[in-house]
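The structure appears right after this line, and notes come after that.
Hydrogens, waters and symmetry mates are skipped; everything else that's a heavy atom, side chains included, is used. Being a predicted model, the structure only gives us computed values, none of them experimental.
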Amino acid sequence: MKFNNKLLHWRLCIIAVLLIALLTFTPLVTPLGIYEPMLLGLPYTLWVGICVAALLVFITYLGTKVHPGNTKKKEEDYD
């Protein structure tokens with residue numbers, strides 16, 4: 001059986017997004033009534049939320065590169 005790296009990487013991206021989505025609603029990211037430590041004048045929940053959003057954008061970018069249905073055709077194929 002041939003091992004498909006793209007499929008493995010795609011599934012890892014899916015698992016990472018699901019884990020990050022679950023962690024977002026835990027006290028790790030959104031603690032009740034805690035706004036410190038501040039970073040550049042932003043409260044904890046806001047700057048951690050921005051980091052989570054940036055991480056999700058990065059994983060989405062990786063997902064577009066490793067999607068199993070992603071087949072790039074050369075320009076010669078269109079001629």
- Item | Straight-line distance of T24 OG1 to L19 CG, nearest 0.5 Å |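 T24 atom OG1 to L19 atom CG measures 10.5 Å (nearest 0.5 Å).
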
- Pairwise side-chain contact, L42 with I50, heavy-atom cut-off 4.5 Å (strictly under): yes

Report yes or no: do [X] and [Y] belong to one cluster of Ile/Leu/Val/Met/Phe/Trp/Tyr joined by side chain heavy-atom distances under 4.5 Å?
| X | Y | value |
| --- | --- | --- |
| I14 | V17 | no |
| L7 | L62 | no |
| L46 | L39 | yes |

Heavy-atom closest contact ([X] atom, [Y] atom, distance):
| X | Y | answer |
| --- | --- | --- |
| W47 | P37 | NE1-O, 3.1 Å |
| K6 | H67 | NZ-O, 3.9 Å |
| I59 | C13 | CG2-O, 3.8 Å |

- Message: Once ring pair (Phe, Tyr, Trp, His ring centres under 6.0 Å) is applied, do any residues pair with F58, and if so which ones, sequence neighbours excluded?
- Response: none

- Task: Let me see the working for L12 and V66 under side chain to side chain contact (heavy atoms under 4.5 Å, CB included), right down to the final yes or no.
- Result: CA-CA 10 Å; L12 288 175; V66 299; over 6 Å; no

